[in-house]
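See structure below.
Index from 1, following the sequence. As the structure lists them, so they are numbered: ligands from 1, and atoms in each ligand from 1. FYI, side chains are in, hydrogens and waters are out, and symmetry mates aren't considered; it's all heavy atoms of this structure. The model shown is predicted, which means the values in this text are computed figures rather than measured ones.
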Amino acid sequence: MRIALLSDIHGNLDAFEAVLRDLEGRGVDAAYSLGDNIGYGAQPEEVVRLLRARGIPSVLGNHELAAKQPETLAWFNPAARRSLALTLEWLAPEERAFLAALPLFLSVHGVRLVHGVPPDSPTTYLFEIPLYELGDRFGSFPERICFVGHTHLLGLHRLEGGKVREEELGPGEHRLDPPGRYLVNVGSVGQPRDGDPRAKYAVWDAGRGVLEIHRVPYDAAAAAAKILARGLPAEHARRLVR
Ligand code: ZN
C-alpha cells in the first residue's frame, strides 16, 4: 500500500494540480489531505471541487474550522482573517458545509492523520509542544505513525527507547522502521514557509517501510498573480515566490 499525504493546499490550484500530475507515475493507491485546503490562495472553490472529484479524503484544518465555527476567525492574524472571510464568501453554502463536516482525524491503513498535533487538534502547532512532552503525546494515539501539517514546515519526530528525537526531513527516502514511532510533518503544497517555493508532499510506502518526500516545481508566479487579482492580501502572494 502506497499513500500520498498532502497538506495545506490553501486554495492554490496551480500547486495542487502540479502535485496530482507528479503523483501519476508514482504507483500510489490513495491520496489524503491533512487539512487547510482553503485560505490564502485565490482558487478555494476549484480546490474543494477537485478534492471532491478525485475522492481525496481530508481532515479538518484550522481554516476549515472557521467554516464550521465562524467565531474562530478571531484567532487569525488580520491578513489571514481577511483572506479567510473572503474565501468563505466565495464558497457555495454546500461547499462550506462539506468543509465544516470534515473529521478532526482519520485512521487509515494503520496511520493517523491530523492537521495540527495528535490526537486530534487542528489548531495546536507542533512547535508549541516541548520535546519532553511529545513522548506523552505519542501515548495519546494507537497508530505507529502520525502525519501532520499546519506549520508548513517539513520535519520528523522519532520516538525510540522512550526518547523523542527531532530530525530534518529532506527530499528522498527515509526509513520509518518499527518498533520506532513517528510524527511526520509533510510541509505545505500551496503556501510554503520554508523559503523553497516548490510544492511539498509525502508518500508513505507501508510495504517497504519507507517515507518519500517530494518537491514539485510549478508556476508559483501565476498563482501569486491570481491572489493579487482577486484582492487577497499581497503578503500571501509574496510568500509563494520569494
Ligand atoms: Zn495552513
Side-chain angles (χ1 to χ4, degrees), residues 4-16 19 31-48 50-51 56-70 72-88 90-91 96 99-100 102-106 113-118 120-129 146-155 169 183-202 215-216 218 220 223-224 227 232-233 235-242:
L5 294 316
L6 284 54
S7 192
D8 296 273
I9 298 167
H10 279 299
N12 187 338
L13 184 68
D14 299 276
F16 186 24
V19 165
Y32 295 89
S33 167
L34 301 176
D36 276 7
N37 303 290
I38 58 161
Y40 306 138
Q43 294 179 279
E45 308 97 314
E46 289 89 341
V47 165
V48 171
L50 185 55
L51 200 66
I56 299 175
S58 177
V59 297
L60 184 98
N62 55 314
H63 285 245
E64 283 92 15
L65 184 62
K68 182 178 181 153
Q69 297 169 1
T72 64
L73 274 173
W75 303 350
F76 290 86
N77 67 53
R81 198 184 311 139
R82 211 177 112 224
S83 173
L84 198 40
L86 283 170
T87 295
L88 294 177
W90 295 332
L91 291 166
R96 281 205 304 275
L99 295 173
L102 294 177
L104 290 176
F105 75 93
L106 284 169
L113 317 179
V114 185
H115 183 62
V117 294
D120 60 5
S121 173
T123 51
T124 307
Y125 289 93
L126 198 49
F127 55 67
E128 289 179 273
I129 301 177
C146 178
F147 291 96
V148 302
H150 196 29
T151 65
H152 303 201
L153 299 170
L154 284 153
L169 204 49
L183 203 49
V184 181
N185 192 323
V186 302
S188 171
V189 169
Q191 182 72 203
R193 289 179 190 159
D194 58 1
D196 176 343
R198 289 173 290 183
K200 326 296 181 311
Y201 76 96
R215 304 179 184 190
V216 186
Y218 73 99
I227 288 177
L232 289 161
E235 63 193 84
H236 301 140
R238 278 198 297 273
R239 206 176 240 161
L240 297 185
V241 289
R242 77 174 168 220

*How about Val117 and Val148: do any of their side-chain heavy atoms sit closer than 4.5 Å?*
no
*Does any non-hydrogen side-chain atom of Val184 lie less than 4.5 Å from one of Val186?*
yes
*Parallel, tilted or perpendicular: ring planes of Tyr40 versus His152, cut at 30 and 60 degrees*: perpendicular
_Distances under 2.8 Å only: what protein N/O/S atoms are near the Zn ion (ligand 1), ordered by chain and residue?_
Asp8 OD1, His10 NE2, Asp36 OD2, His152 NE2
*asked:* Quick check for you: to the nearest 0.5 Å, what is the distance between Thr87 atom OG1 and Ile38 atom CD1?
replied: 6.0 Å
*For Phe76, what residues pass the ring pair (Phe, Tyr, Trp, His ring centres under 6.0 Å) criterion, not counting sequence neighbours?*
His63
*Check whether any side-chain N or O of Asp8 sits under 3.5 Å from a backbone N or O of His150 as a donor-acceptor pair, and report yes or no.*
yes
